[in-house]
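Working notes for the structure below.
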Amino acid sequence: MIKVHTQFLSHFKELAATDEDVFELDRPLVSELATRICDRYGPRMQAVLIDPDTQELNARGTMFVDAKGRRICMADPLEDGDVITFMMGIAGG
Amino acid sequence: MESRLLRVNLTTGEMKGETIPHSIFERWIGGSGVNNWIMWEHFLTHDINCDPRGPDNIFVFGVGPLAGTGAGSGIKGRITFKSPCYNMFGDSAGGGKFPYYARFSGYEYIAITGKAPKPVYLLICNGEVALIDAAHLWGKGTEDTHAILQEELGDYPSKVHTLSISQAGENQVGIAGVVSDALRIHARGGGGAVLGSKNLKAIAVQGNGGLPVARPGEMLAWSDDFRKKIDGNEAIYGFKRRGTLGAVEMYQHIGSHFWRNNQGNKFRGDEIRSDNWVKKFQKYSEVCSSDCFIACDSKYVIDGTESEPSKKYIGETFRRPEYLTTGSAAGALDVRDWSEVAHWGKITNDYAIDNQDLSCSISFLMELKQRDLISNHDVAELFGHEQSLRWGNMDDIEACVESIVFQKNLFGVMFRDGPYFGALKYSEMKGKNFMKYAMYGKGGASFTEEVRPYPTWMNNMAVASRGADHLKGIGLIEKFQREDLSKMYFNGRTEAADLTIPDLKGACTALAENQVALLNSYGVCLFHWMLDPAEFTPQDYYGKAYAAVTGIERTPEELMRDGERICNLEKAFNSRVGMRREHDMVCERWMWEPNSEGLYEGAVGADMFNTVLDEYYEWRGWEKESGLQTRARLEELGMEDVADVLAKDGALALT
């Protein structure tokens, strides 16, 4: 079992009603983390987190990155202590 | 598909309507594409090396065929001219209701030449046109100008919608823009100075005419599908509430702001760096286009209880700032209070002045002061009195703004054309090289975001036809590391989404420029596309709406070539005024200084710059050594006539 820290920014912060959380995962995978987040925060979080067509992480208007700023995907492995950040993705304005 | 063009010669007072034939739309799509062609033709019979502030320059307004049709894709009008601040191609988009009311009034395109003997405004009302004395408007900001015109012209056959300049435009300040309905600025490139040089204070339109739609049923079906896609997207709901300010927290996390002249890339104010203030003070309001399914705009009202600085602005109301208004104030100038950031947005809009050029000019000087590279005596020399130039101090910032708008002192005169030319002049005057602290690309002010970790964005800043700019080639694949999009556009290859290598980054610039050229020619807002670029493809998804409205059938491949053709015409304009590869460059800080903080700390632009630029020219089919276009590529695009003009001017590659 590993512990993964999550940070929620802007719209994700509203959906989770918190700006950070910790998840204990049996399987060290992003897919496991995504499932647990959806279970904890409900269907609106699921709607923005998971693409229903591909069952991949939703890329539309979002940006989910690890501590080095790399975009993550469902198959990526996780390690104990990892920090994953969930953000709205937009540029310019 | 046909449109009406109004030609106005302000020197003679002659005004003539003409029809833009279908064949022009077949070649140039509409909006910015048609504007570019009108300007290109103008400079076949007028000296392209003319003074942009002289009567030979042209100012074109145009609006694309989707605007106002109920497509729901937002509306952008486009102004096009030879830029007085950068002395090259210039154009700028702006929203609001003016663009589609121009269509309702009978003219979708307006071409202004010459110079009026005294200040006037142009009124267009259901096809009738008049030049009217504007002595009572001269010397006023855009808010007052709009209010006066609304009052004196009444509400029949529709409310009055305006495009106007402020005192900055009247004073021919190179970074002065033009404002639609006193709310939404066409900021870039100095269109306000062009109108000011022509003594044209405003264009006012009234009308209740209809719009031609080739296949209305098909258009409505497209619109309905678009609305469902937007309403069914939870992420887009988040952006409906925040608009472009949805970027604030993401940029804070990854380090993508532009702090203190880009010495850093994170906001420092406790409140301004979160998006709590964005939601807390926003109220929905009808201030942007009514033909938009996202409707992200909102307004603020300051009651004085929000913070200590807000007491100065009790009762002030305006649109809530966009991201780059925030980026220029909270970032470039380190303003930390949201009411002051909002006030910055209000005054720069009322003065109709580009807040990117403006903030980079002020922050350049503030950094020189911070580093003790200039003394109090030097500052007094620029302003005519002592000026503390403290980061984030609104009194100091407003003094700088008014110096430029009203051309009050040496600082105002020196920086009237933005930070690049201002820094050059100041370096020359002091006999020192201060260019290390000037933020720019291709002569245009930097836009106030960090670009060093992003090779495509860096290249965009170097090659954009109107000077450093993200809205000519916004690099979504790279910034959001979208492997799916990279595969979609580059035959299954993923490198375009990898920030750490130069591969496909020049290709991404060319791709994004072509796509943005299409959207700008349709007359829609870029924001919708950016929220879901895999779904709302300009060449395919939007292409169907374009076909329904115009009856012009195009495959996605043909539309991408249309976008490429539009980009090539802008490039050809700049080649004619002497721009070559050496002008496709960015400032020293972006090139050589390592990115100082954030997730991508240490990134240095120079590591990939030339490799990416070479690749960009390759994908464009241009000559690498000179940066010039080749006849072969222009002929492939059906631009033999353009190649002939370039050859005659010695501006075509010899290979």
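Residue numbers start from 1 in every chain, and the chains themselves are labelled A, B, ... in the order their sequence lines are given, proteins ahead of strands.
- Both the backbone and the side chain of B/Phe239 come within less than 4.5 Å of a heavy atom in chain A.
- Note that the OG atom of A/Ser10 and the CE atom of B/Met250 stand 10.0 Å from one another [nearest 0.5 Å].
- Only the side chain of A/Leu15 comes within less than 4.5 Å of a heavy atom of chain B; its backbone N, CA, C and O stay farther away.
- Neither the backbone nor the side chain of B/Ala534 comes within less than 4.5 Å of any heavy atom of chain A.
- Annotation: the span from A/Arg71 atom CZ to B/Leu499 atom CG amounts to 11.0 Å, rounded to 0.5 Å.
- Scanning all heavy atoms of the two residues, the minimum distance from A/Gly61 to B/Ala235 falls at O-CB, 4.3 Å.
- Heavy-atom distances place no part of B/Gln252 under 4.5 Å from chain A, backbone and side chain included.
- With a threshold of 4.5 angstrom between heavy atoms, B/Asp498 does not approach chain A through any atom at all.
- Annotation: side chain of A/Met87 is in contact with side chain of B/His253 (closest heavy-atom distance under 4.5 Å).
- Here the closest heavy-atom approach between residue B/Thr244 and residue A/Ile90 is recorded as O-CG2, 4.2 Å.
- Residue contact with chain A, scored on non-hydrogen atoms closer than 4.5 Å, involves the side chain of B/Ile254 exclusively.
- B/Lys479 and A/Met63 make their closest contact through O-CE, 3.5 Å (heavy atoms, listed as atom of the first residue, atom of the second, distance).
- Distance OG1/A/Thr85 to CG/B/Leu599: 7.5 Å, rounded to 0.5 Å.
- Checking each of A/Glu14, A/Lys13, A/His11 against B/Asp275 for a side-chain contact (heavy atoms from CB on, under 4.5 Å) leaves exactly one that passes, namely A/Lys13.
- Within the structure, the salt bridge (charged side-chain N to carboxylate O under 4.0 Å, His left out) test picks out the following pairs touching residues 40-54 of chain A (sequence neighbours left out): A/Asp21-A/Arg40, A/Arg44-B/Glu234.
- Surrounding CD of A/Gln55 are more than 12 heavy atoms belonging to other residues, nucleotides or ligands, all under 6.0 Å away.
- Dense packing is recorded around CD of B/Glu597, with more than 12 heavy atoms of other residues, nucleotides or ligands lying under 6.0 Å away.
- Using modelled atom types, no side-chain atom of A/Arg60 and backbone atom of B/Leu531 make a donor-acceptor pair closer than 3.5 Å.
- Contact annotation for A/Gln7: only side-chain heavy atoms (C-beta onward) come within less than 4.5 Å of a heavy atom of chain B.
- Contacts between B/Glu449 and chain A at a heavy-atom distance below 4.5 Å involve the side chain alone, from C-beta outward.
- For the pair A/Ala91 and B/Phe480, the tightest heavy-atom approach, listed with the atom from each and the gap, is N-CZ, 3.9 Å.
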